[in-house]
*Asks:* 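Got a structure for you, questions after.
Just the heavy atoms: all of them, side chains too, but no hydrogens, waters or symmetry mates, feed the values below.
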Amino acid sequence: TTLFFEQGFVKLNLGGITMKKLILFAAIMICSVNLTNAQIKGINVALNKPATASASTSHEIPAYAFDANMNTNWCAPGSTGWIKVDLQDKFLVDSIKLHLRQAIAGNSVHEIKVSNDFVNWTVVQTLSGQTANGEVLTVKFDQPLLNVRGVMINTPSSSAWVAWSEIEVYSIPTPSAETNLLTNAGAENEYDGWTKINGGNG
């Protein structure tokens with residue numbers, strides 16, 4: 001960034017760039033740097049959001065899976081069950097972390113489902129294999145998921161009662177993700193990610 005600014009000032013002194021253009025360029029650079037940092041750090045948008053489940057024990061309720069406290073957990077009284085969280089807005093979901101509370105190690109299958117309206121759900125990842133208590137299952141999506149309003153973890157089979165000590169959903173908040181200007185910013189994929197309005201001109 002410093003190098004670009006130095007070059008900009010050199011060109012300005014030589015009359016090759018106007019002050020208005022330089023200020024605009026500086027604003028773009030600052031926005032770009034801030035957004036990059038947000039992407040790296042991420043935000044757990046599921047924290048303390050409303051949660052429901054297929055079933056729960058009396059002292060292991062759905063909210064405990066989203067309270068950032070590893071000493072509490074949600075548990076379904078059975079080897080199958082689901083839990084879902086309402087993010088209360090639409091987000092660009094980059095990754096999900098699942099902290100297991102599994103009393104008996106063994107094979108398990110977990111489906112990660114997402115929804116943009118909290119009504120219709122789509123499976124975006126299925127995890128299966130040997131798991132044990134205390135493990136963290138991390139899923140980082142190759143392409144971030146757009147417009148995610150809800151996340152559900154459905155477990156069709158497990159070696160123990162289904163339980164999570166914490167479920168974290170990492171995101172860059174994008175309430176207007178339908179018109180995300182960063183999608184296909186360089187137009188390499190032609191119109192993918194772009195919406196033409198008023199007829200457009202190509």
Side-chain angles (χ1 to χ4, degrees), residues 37-175 177:
N37 289 337
Q39 286 176 322
I40 293 172
K41 294 179 180 179
I43 301 170
N44 179 13
V45 293
L47 181 62
N48 295 323
K49 295 295 177 63
T52 54
S54 55
S56 306
T57 67
S58 60
H59 59 287
E60 296 167 306
I61 60 176
Y64 288 165
F66 304 97
D67 63 355
N69 185 349
M70 294 299 172
N71 295 318
T72 63
N73 64 272
W74 164 75
C75 180
S79 58
T80 64
W82 55 261
I83 184 171
K84 58 185 176 182
V85 59
D86 185 351
L87 303 179
Q88 299 183 310
D89 205 338
K90 292 182 179 180
F91 293 92
L92 182 69
V93 172
D94 175 69
S95 59
I96 294 176
K97 285 186 177 181
L98 307 173
H99 299 258
L100 279 160
R101 182 67 64 88
Q102 186 174 328
I104 304 172
N107 285 312
S108 63
V109 177
H110 305 291
E111 298 173 336
I112 299 176
K113 298 183 178 183
V114 298
S115 171
N116 63 5
D117 56 10
F118 217 67
V119 175
N120 302 292
W121 298 85
T122 302
V123 177
V124 293
Q125 188 80 37
T126 299
L127 308 174
S128 62
Q130 285 278 333
T131 50
N133 186 48
E135 287 186 12
V136 180
L137 308 179
T138 301
V139 176
K140 183 170 178 60
F141 301 103
D142 293 335
Q143 295 293 329
L145 307 178
L146 291 172
N147 302 325
V148 177
R149 156 80 185 277
V151 174
M152 177 194 298
I153 310 301
N154 178 54
T155 302
S157 66
S158 176
S159 61
W161 283 10
V162 183
W164 303 105
S165 56
E166 198 69 24
I167 297 173
E168 300 169 310
V169 179
Y170 285 96
S171 168
I172 305 166
T174 54

*Asks:* I need the K113 NZ to K84 NZ distance, nearest 0.5 Å.
*Replies:*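 K113 NZ to K84 NZ: 9.5 Å, rounded to 0.5 Å.
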*Asks:* Is there a side-chain contact between I96 and V151 (heavy atoms, below 4.5 Å)?
*Replies:* yes
*Asks:* Using side-chain heavy atoms (C-beta onward) and a distance below 4.5 Å, is N107 in contact with S159?
*Replies:* no
*Asks:* Please answer whether the main-chain N or O of A68 pairs with a side-chain N or O of E166 as donor and acceptor at a distance below 3.5 Å.
*Replies:*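 It does hold such a pair.
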*Asks:* Please name the pair of heavy atoms, one in A160 and one in A103, separated by the smallest distance, quoted to 0.1 Å.
*Replies:*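 Closest heavy-atom pair between A160 and A103: CB-N, 4.0 Å.
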*Asks:* Please examine the side chains of L127 and L98, heavy atoms only from C-beta on, and report whether any two atoms are closer than 4.5 Å.
*Replies:* yes
*Asks:* How many angstroms lie between CD1 in I167 and CG in L100, if you round to the nearest 0.5 Å?
*Replies:* 9.5 Å
*Asks:* Go through the steps to decide whether D67 and T72 satisfy the test side-chain contact (heavy atoms from CB on, under 4.5 Å), and finish with yes or no.
*Replies:* CA-CA 8 Å; D67 63 355; T72 63; 2.7 Å; yes
*Asks:* Would you check if the side chain of R101 reaches a backbone N or O of M70 as a donor-acceptor pair within less than 3.5 Å?
*Replies:*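 A pair under 3.5 Å: yes.
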*Asks:* Compare all side-chain heavy atoms of T57 with those of W161 and state whether any distance is below 4.5 angstrom.
*Replies:*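 Yes, side chains in contact.
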*Asks:* At their closest point, which heavy atom of P156 faces which heavy atom of V109, and how far apart are they?
*Replies:*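 Where P156 meets V109 most closely, the heavy atoms are CD-O, 3.1 Å.
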*Asks:* Is the shortest heavy-atom distance from the side chain of H110 to the side chain of W164 under 4.5 Å?
*Replies:*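 They are in contact (side-chain heavy atoms under 4.5 Å apart), so the answer is yes.
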*Asks:* List the atom of A51, the atom of A63, and the distance in Å for their closest heavy-atom pair.
*Replies:* CB-N, 4.4 Å
*Asks:* Could you state the interatomic distance from CG (N133) to CD1 (I104), rounded to the nearest 0.5 Å?
*Replies:* 11.0 Å
*Asks:* Show the nearest heavy-atom pair for residues A46 and F66, with the distance to one decimal.
*Replies:* O-CB, 3.5 Å
*Asks:* Under the 3.5 angstrom rule, does the side chain of T126 hit a backbone N or O of E111 as a donor-acceptor pair?
*Replies:*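 No, because the side chain of T126 does not come within donor-acceptor range (under 3.5 Å) of the backbone of E111.
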*Asks:* Rounded to the nearest 0.5 Å, how far apart are CD1 of I61 and OG1 of T52?
*Replies:*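 Here the rounded value is 12.0 Å.
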*Asks:* When V93 is tested against each of L145, N147, L146 for side chain to side chain contact (heavy atoms under 4.5 Å, CB included), which residue passes?
*Replies:*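 Among L145, N147, L146, the one meeting side chain to side chain contact (heavy atoms under 4.5 Å, CB included) with V93 is L145.
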*Asks:* Given 3.5 Å as the limit, does a donor-acceptor pair link the side chain of Q102 with the main chain of T131, or not?
*Replies:* yes
*Asks:* Count the heavy atoms of every other residue, nucleotide or ligand shown that sit under 6.0 Å from NZ of K49, and state whether that count exceeds 12.
*Replies:*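 Yes.
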*Asks:* Check whether any side-chain N or O of N116 sits under 3.5 Å from a backbone N or O of V148 as a donor-acceptor pair, and report yes or no.
*Replies:*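 Judged by distance alone, no pair lies under 3.5 Å.
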*Asks:* On a heavy-atom basis, which atom in S56 and which in A53 lie closest, and how many Å separate them?
*Replies:* OG-CB, 4.0 Å
*Asks:* For D86 and F118, which heavy atoms make the closest approach, and how far apart are they?
*Replies:* CA-CE1, 3.5 Å
*Asks:* Can you confirm whether more than 12 heavy atoms, excluding those of Q143, are under 6.0 Å from its CD atom?
*Replies:* no
*Asks:* Can you find a pair of side-chain heavy atoms, one from Q88 and one from P50, that are under 4.5 Å apart?
*Replies:* yes
*Asks:* Between atom CG of L87 and atom CG of L47, what is the distance when rounded to the nearest 0.5 Å?
*Replies:* 11.5 Å
*Asks:* Could you tell me if the side chain of T155 sits less than 4.5 Å from the side chain of T80, heavy atoms only?
*Replies:* no
*Asks:* When you measure from the centre of the six-membered ring of Y170, is the NZ or CZ of K140 closer than 6.0 Å and no more than 45° off the axis?
*Replies:*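 Judged by the rule (NZ or CZ under 6.0 Å from the ring centre, within 45° of its axis), K140 is not positioned above Y170.
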*Asks:* When rounded to the nearest 0.5 angstrom, what distance separates CZ in F141 from OG in S95?
*Replies:* 8.0 Å
